[in-house]
Amino acid sequence: MSKLLLTLPLVFGAQGAMAWFFYRSRVLSHAFWTDSDLVVFVLPLVVGFAVSACVLFFSFPLVSSSKRMTATILLSAVGAGISSFVGTVIAFNLYGT
């Protein structure tokens, strides 16, 4: 459990940094790969959700399957949504919309 408490903030922090970096690349460098809103806004969310779901799923091996899937999906979605939102809001405030 202590490993989980160290891993999830690292995952969500990396996701927020990725959201900030993608938006920064879009505004400052006008990179061609940032022309799509899906890449800039959705990709960090999906990557953060997938990584945190893997971490959470393998952290609860002794819990029943249905409870483990429900907890994994719910906690991953909430954490990924919050960290993506925070990373994007910080980028909006620094670089404008």
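Numbers here are sequence positions counted from 1. Small disclaimer: the values here were computed from a predicted structure and weren't measured. The figures here come from the full heavy-atom set of this structure, side chains too, leaving out hydrogens, waters and symmetry mates.
Listed by chain and number, the residues in a ring pair (Phe, Tyr, Trp, His ring centres under 6.0 Å) with Phe92 are Tyr23 (sequence neighbours excluded). Not a single side chain to side chain donor-acceptor pair (under 3.5 Å) links Asp35 to another residue, sequence neighbours left out. Under the rule for a side chain to side chain contact (heavy atoms under 4.5 Å, CB included), the partners of Val46 that lie at least two apart in sequence or sit in another chain are Val42. Applying the side chain to side chain contact (heavy atoms under 4.5 Å, CB included) rule to Ser64 yields the partners Ser66, Lys67; only residues at least two apart in sequence or on another chain are considered. Applying the side chain to side chain contact (heavy atoms under 4.5 Å, CB included) criterion to Ala31, with sequence neighbours excluded, gives Ser29, Trp33, Thr34. Legend: residues meeting side chain to side chain contact (heavy atoms under 4.5 Å, CB included) with Asn93, ordered by chain and number and at least two apart, are Val89. For Arg68, the side chain to side chain donor-acceptor pair (under 3.5 Å) test picks out no residue, with sequence neighbours left out.
Closest of all the heavy-atom pairs between Ser84 and Ala19 is O-CB, 4.2 Å.
Residue Phe21 is grouped with residue Val39 when hydrophobic side chains (ILVMFWY) are merged at heavy-atom distances under 4.5 angstrom, including chains of intermediate members. Under the 4.5 Å side-chain heavy-atom criterion for ILVMFWY residues, no single connected hydrophobic cluster contains both Phe58 and Val47. Cluster annotation: Phe41 and Leu45 are assigned to distinct hydrophobic clusters (Ile/Leu/Val/Met/Phe/Trp/Tyr, side-chain heavy-atom contacts under 4.5 Å, transitive). Linking ILVMFWY side-chain heavy atoms closer than 4.5 Å, directly or via other members, places Met69 and Leu56 in two distinct hydrophobic clusters. Linking ILVMFWY residues whenever their side-chain heavy atoms come closer than 4.5 Å, directly or via other members, leaves Ile82 and Phe49 in distinct clusters.
Taken to the nearest 0.5 Å, the OG1 atom of Thr72 stands 6.5 Å off from the CZ atom of Phe57. For the atom pair OH (Tyr95) and OG (Ser25), the distance works out to 9.0 Å, reported to the nearest 0.5 Å.
The shortest distance between side-chain heavy atoms of Leu43 and Leu38 does not fall below 4.5 Å. The shortest side-chain heavy-atom distance between Val40 and Ser36 does not fall under the 4.5 Å cut-off. Between Leu75 and Ser52 there is no side-chain heavy-atom pair separated by less than 4.5 Å.
Screening residues 69-85 for salt bridge (charged side-chain N to carboxylate O under 4.0 Å, His left out), with sequence neighbours left out, gives no hits. Sorted by first then second residue, the salt bridge (charged side-chain N to carboxylate O under 4.0 Å, His left out) pairs that include residues 85-97, not counting sequence neighbours, number zero. The salt bridge (charged side-chain N to carboxylate O under 4.0 Å, His left out) contacts involving residues 5-34 comprise Arg26-Asp37, where partners must be two or more places apart or lie in separate chains. Within the structure, no pair that satisfies the salt bridge (charged side-chain N to carboxylate O under 4.0 Å, His left out) test touches residues 75-97, not counting sequence neighbours.
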Just list the side-chain donor-acceptor pairs under 3.5 Å for residues 10-17, sequence neighbours left out, or say none.
from: Gln15; atom 1: OE1; to: Ser83; atom 2: OG; distance (Å): 2.6
from: Gln15; atom 1: NE2; to: Pro44; atom 2: O; distance (Å): 3.2
from: Gln15; atom 1: NE2; to: Ala80; atom 2: O; distance (Å): 3.0

